[in-house]
Amino acid sequence: MNFESHSMTLKIWDRSTVDHTLEAAIAHISTSANAPRDRVRVTRSGPNVFTVSLAGEMSADSLA
């Protein structure tokens, strides 16, 4: 997890906890970035893999 860039990648194995886990991650990113929850986005990048980040924030990959 990288909180300096206000994003985190999660691998969630238990489907019954996906909603709760993502809600907690959204709340954490929103609070740590001092940003409204509607600026936080969730991207599914693979089976059971989710990235939670601020919308509009540039990733390290986009800078290369």
Side-chain angles (χ1 to χ4, degrees):
M1 289 186 274
N2 182 356
F3 295 110
E4 186 173 313
S5 67
H6 303 295
S7 68
M8 68 172 76
T9 301
L10 305 165
K11 185 150 189 153
I12 306 170
W13 292 98
D14 185 353
R15 288 181 184 226
S16 68
T17 65
V18 169
D19 290 338
H20 172 74
T21 303
L22 291 176
E23 283 294 326
I26 291 167
H28 181 78
I29 294 292
S30 174
T31 301
S32 67
N34 196 25
R37 288 174 59 99
D38 62 350
R39 283 203 50 220
V40 179
R41 70 174 177 211
V42 177
T43 306
R44 186 173 183 176
S45 57
N48 307 320
V49 179
F50 302 87
T51 299
V52 182
S53 62
L54 284 180
E57 188 171 276
M58 294 181 68
S59 68
D61 293 337
S62 67
L63 298 174

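What you see is a predicted model, and the numbers here were worked out from it, not measured in a lab.
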**OP:** Would you please name every residue forming a side chain to side chain contact (heavy atoms under 4.5 Å, CB included) with P47, sequence neighbours left out?
**Re:** none

Original post:
Does D14 have any side-chain hydrogen bond (donor to acceptor under 3.5 Å, both in side chains) partners at least two apart in sequence or in another chain, and if so, which?
Top reply: S16

Original post:
Between T51 and S45, what is the shortest heavy-atom contact and its length?
Top reply: OG1-OG, 4.1 Å

Subject >> side chain to side chain contact (heavy atoms under 4.5 Å, CB included) partners of A35, counting only residues at least two apart >> reply: A33, R39, L54

Subject >> Hydrophobic cluster identity match, V18 and I29, side-chain contacts under 4.5 Å >> reply: yes

Original post:
How would you list, by chain and number, every residue that makes a side-chain hydrogen bond (donor to acceptor under 3.5 Å, both in side chains) with T43, sequence neighbours excluded?
Top reply: none

**OP:** Could you pull out all residues at least two apart from T31 that satisfy side-chain hydrogen bond (donor to acceptor under 3.5 Å, both in side chains)?
**Re:** none

Original post:
How far apart are the closest heavy atoms of P36 and S30, and which atoms are they?
Top reply: C-OG, 3.7 Å

**OP:** Determine which pairs satisfy salt bridge (charged side-chain N to carboxylate O under 4.0 Å, His left out) with at least one residue from residues 18-35, sequence neighbours left out, and list them in order.
**Re:** E23-R37

Original post:
Say you draw a straight line from OG1 of T21 to NZ of K11; how long is it, rounded to the nearest 0.5 Å?
Top reply: 14.5 Å

Original post:
Quick one: side chain to side chain contact (heavy atoms under 4.5 Å, CB included) partners of V42, sequence neighbours excluded?
Top reply: L22, I26, F50, V52

